[in-house]
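Quick notes on the structure that follows.
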Amino acid sequence: MIDHIVIVGFGCIGQAVLPLLQRTWPWAAITVVDRSFDDRRRELVAAHGLHAVEAGITADTFSTVLAPLLRPWTFLLSLAPSVCSRDLIALAQSHGAFYIDAGIEPWDYAGDANAAQLSNYALREQMLAFARGREPMPTALVAHGANPGMVSVLVKAALMELAGHAALEQAEPRHRAQWAALARRLDLRVIQISEYDSQQAPGFPREGEFANTWSAEGFITECLQDAELGWGTHEAALPPGGYRHSDGCGAAIAIHRPGHRTRVRSWSPSHGPFDAHLITHNESISIADYLTDDAAGLPPYRPTVYYAYRPTDATLASMRWLDDRGAARVRGERILRDEIVSGEDELGVLLLSGRHGGIWYGSHLSIERARSLAPYNSATSLQVASSLVAGMRWVLSNPRRGVVESDAVDYGPVLADAAPWWAPLGGHVTNWQPKPGARSLVIADFLLD
């Protein structure tokens, strides 16, 4: 049984997950590692009886700082930006420890001259190559926050509900090929990870300040990267500026335009049609790859998958400080939590079929409910924190699986663990289309720019 938890990065998500960890494993010691501890962090350390290590985690220091903290039945949570996931996994596994993160990270986005090697496509390919041969080692679950992570679980739940809506007799798939075959049978063409964050924080952002409900640094990085999307086999032509990758699984493309300059139409039950930003995310690639069906005797099949994000009003206002490829005008960052006065984070997956309509499956978590469930949280952070804990519980039930993506976890138990935190959670059938009569559902029908 887990007896020690080491959290690298005691920022927004590190603080948010703390009360959930202590509720789930009250006997486990918790160590938090961060490059600096302000008064708020020190108050939390004292109030919760944590062990604090003040140290920057870099390529030169990570082993020296972290190795003494790791042993069998320790869980390493990597929640800091620009801390290399692969190096921390190798260190954890070499000491018999488990590992989880909320996204695959390199050491330094700004310091790498070859930006293509820092795309989510490239980072995932590097992780898949690293994972080969590590299958018997202690489990490391990568990219398992809310998204990427729990949304891969929601896709499977949505597929089963869409199959029921389409009156298909369908046993629950048991492995990857069966899930891909079900998606093909449903004529599933598009999966949007559809998020509308309506949490309100009047008075923010201030001049030159980037405000967000999760890592401002992380979201700025995503905004400035090329938009990336899983590339469906029904797509007839690349979008303007689109390009394919010359290596790897081939399940995704990118657009030579930053995500914050790339807009698409999306839909959610609470807000109906809305404009969103096509932001690069790992799940856009992993879900598309997972649902690729190349069964013998059939043409290849894959849906188009991408993240359509409408952030808070405060974050939208903050995005005006971004240039095409830089953030020089950003003079400060603010994580919105206590400043939020109302709203919800509506996060789900929107599946659109060429023959059976569509379904949105996800969460409508309000700020009021999030605060009633756990301190130090907004609706956004609680979705991430609860996904991490659900992923950790799955790892403990599957302790020797090597390096695992969220698409490969057993969706039923993980969904059941997270559901009480994500509620209200469920499916909503829709006949929405991005344009009247746009039944082909190609990316050109969704793009706004």
Side-chain angles (χ1 to χ4, degrees), residues 1-2 5 13 16-26 28 75 77 98 100-102 139-165 170-176 178-179 182-183 191 193-195 269 283 286-287 290-291 344-351 359-366 369-370 372-374 377 379-399 401 404-429:
M1 183 56 66
I2 179 174
I5 300 169
I13 302 303
V17 77
L18 175 61
L20 279 69
L21 294 174
Q22 292 193 318
R23 191 177 307 182
T24 307
W25 297 286
F75 221 123
L77 279 68
F98 302 117
I100 193 170
D101 62 36
T139 303
L141 180 54
V142 298
H144 194 82
N147 56 314
M150 188 57 62
V151 292
S152 293
V153 171
L154 300 185
V155 165
K156 292 179 177 178
L159 278 168
M160 293 306 296
E161 288 215 5
L162 186 59
H165 174 66
Q170 174 66 49
E172 182 178 302
R174 299 182 62 85
H175 53 74
R176 176 178 182 168
Q178 290 178 344
W179 285 109
L182 174 58
I191 300 175
I193 292 81
S194 172
E195 182 173 7
E283 76 271 15
S286 70
I287 293 172
Y290 189 82
L291 294 179
E344 66 179 20
D345 200 330
E346 190 178 31
L347 171 60
V349 293
L350 176 64
L351 278 59
I359 186 170
W360 188 99
Y361 192 102
S363 168
H364 306 263
L365 181 58
S366 69
R369 186 167 190 277
S372 75
L373 292 173
N377 272 278
T380 306
S381 66
L382 187 56
Q383 288 166 338
V384 178
S386 57
S387 302
L388 286 163
V389 172
M392 291 171 68
R393 287 168 63 91
W394 181 86
V395 168
L396 292 174
S397 298
N398 297 266
R401 293 281 295 272
V404 182
E405 293 187 290
S406 301
D407 309 277
V409 304
D410 307 299
Y411 94 94
V414 177
L415 183 62
D417 279 341
W421 304 98
W422 280 56
L425 175 69
H428 302 262
V429 172

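These figures come from a predicted structure and were not determined experimentally.
- When every heavy atom of Ala379 is checked against every heavy atom of Leu365, the shortest pair comes out as CB-O, 3.2 Å.
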For a side chain to side chain contact (heavy atoms under 4.5 Å, CB included) check, start with the C-alpha distance between Val349 and Ile287, then their side-chain angles and the critical distance, and finish with the verdict.
CA-CA 11 Å; Val349 293; Ile287 293 172; 5.7 Å; no
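- The shortest distance between side-chain heavy atoms of Ile359 and His165 does not fall below 4.5 Å.
- Under the rule for a ring-ring contact (aromatic ring centres under 6.0 Å, His included), the partners of Phe75 that lie at least two apart in sequence or sit in another chain are Phe98.
- Of all heavy-atom pairs between Leu20 and Ala374, the closest is CD1-CB, 3.7 Å.
- Paired with Val395 under the rule side-chain contact (heavy atoms from CB on, under 4.5 Å), one option of Ile2, Leu141, Val404 passes, and it is Leu141.
- Between Thr24 and Met392 there is no side-chain heavy-atom pair separated by less than 4.5 Å.
- Nearest heavy-atom pair across Gly427 and Glu161 is CA-OE1, 3.8 Å.
- Considering OG of Ser152 and NE2 of His144, their distance stands at 8.5 Å, rounded to 0.5 Å.
- Side chains of Thr139 and Asn398: a donor-acceptor N/O pair is absent below 3.5 angstrom, by distance only.
- Every residue meeting the side chain to side chain contact (heavy atoms under 4.5 Å, CB included) condition with Arg176, not counting sequence neighbours, appears here in chain and number order: Asp289, Tyr290.
- Ala146 and Trp422 make their closest contact through CB-CZ2, 3.8 Å (heavy atoms, listed as atom of the first residue, atom of the second, distance).
- Proximity of a side-chain donor or acceptor of Ser386 to a complementary backbone N or O of Gln383 within less than 3.5 Å is detected.
- Take Asp345 and apply the side chain to side chain donor-acceptor pair (under 3.5 Å) test, not counting sequence neighbours, and it matches Thr380.
- Side-chain contact between Val389 and Trp25: present, with at least one pair of heavy atoms (C-beta onward) separated by less than 4.5 Å.
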What side-chain donor-acceptor pairs closer than 3.5 Å can you find for residues 408-420, not counting sequence neighbours?
unit_1: Asp410; atom_1: OD2; unit_2: Trp394; atom_2: NE1; d: 2.8
unit_1: Asp417; atom_1: OD1; unit_2: Arg393; atom_2: NE; d: 3.4
unit_1: Asp417; atom_1: OD2; unit_2: Arg393; atom_2: NE; d: 3.1

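- The shortest heavy-atom contact between Met160 and Pro173 is SD-CD, 3.7 Å.
- In plain terms, the two heavy atoms of Ser387 and Met150 that are nearest each other are OG-CB, 3.4 Å.
- Taking His428 as the reference, His364 meet the ring-ring contact (aromatic ring centres under 6.0 Å, His included) condition, with sequence neighbours excluded.
- Residues Glu405 and Pro148 are not in side-chain contact: their nearest non-hydrogen atoms beyond the backbone lie 4.5 Å or more apart.
- The distance from atom CD of Glu283 to atom CD1 of Ile191, rounded to the nearest 0.5 Å, is 10.5 Å.
- Listed by chain and number, the residues in a side chain to side chain donor-acceptor pair (under 3.5 Å) with Asn377 are Ser381 (sequence neighbours excluded).
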Please assess Leu425 against Tyr361 for the test side chain to side chain contact (heavy atoms under 4.5 Å, CB included), listing each intermediate value before the final yes or no.
CA-CA 7 Å; Leu425 175 69; Tyr361 192 102; 4.2 Å; yes
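- Put simply, CD1 on Ile100 and OG on Ser406 are 7.5 Å apart, with the number rounded to the nearest 0.5 Å.
- Atom CD1 in Ile5 sits 4.5 Å away from atom CG in Leu21 (nearest 0.5 Å).
- In this structure, Leu182 CG and Lys156 NZ are separated by 11.5 Å, a value rounded to the nearest 0.5 Å.
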Apply the test side chain to side chain contact (heavy atoms under 4.5 Å, CB included) to residues Ile13 and Leu77: give CA-CA distance (whole Å), side-chain angles for both, the deciding distance (0.1 Å), then the verdict.
CA-CA 11 Å; Ile13 302 303; Leu77 279 68; over 6 Å; no
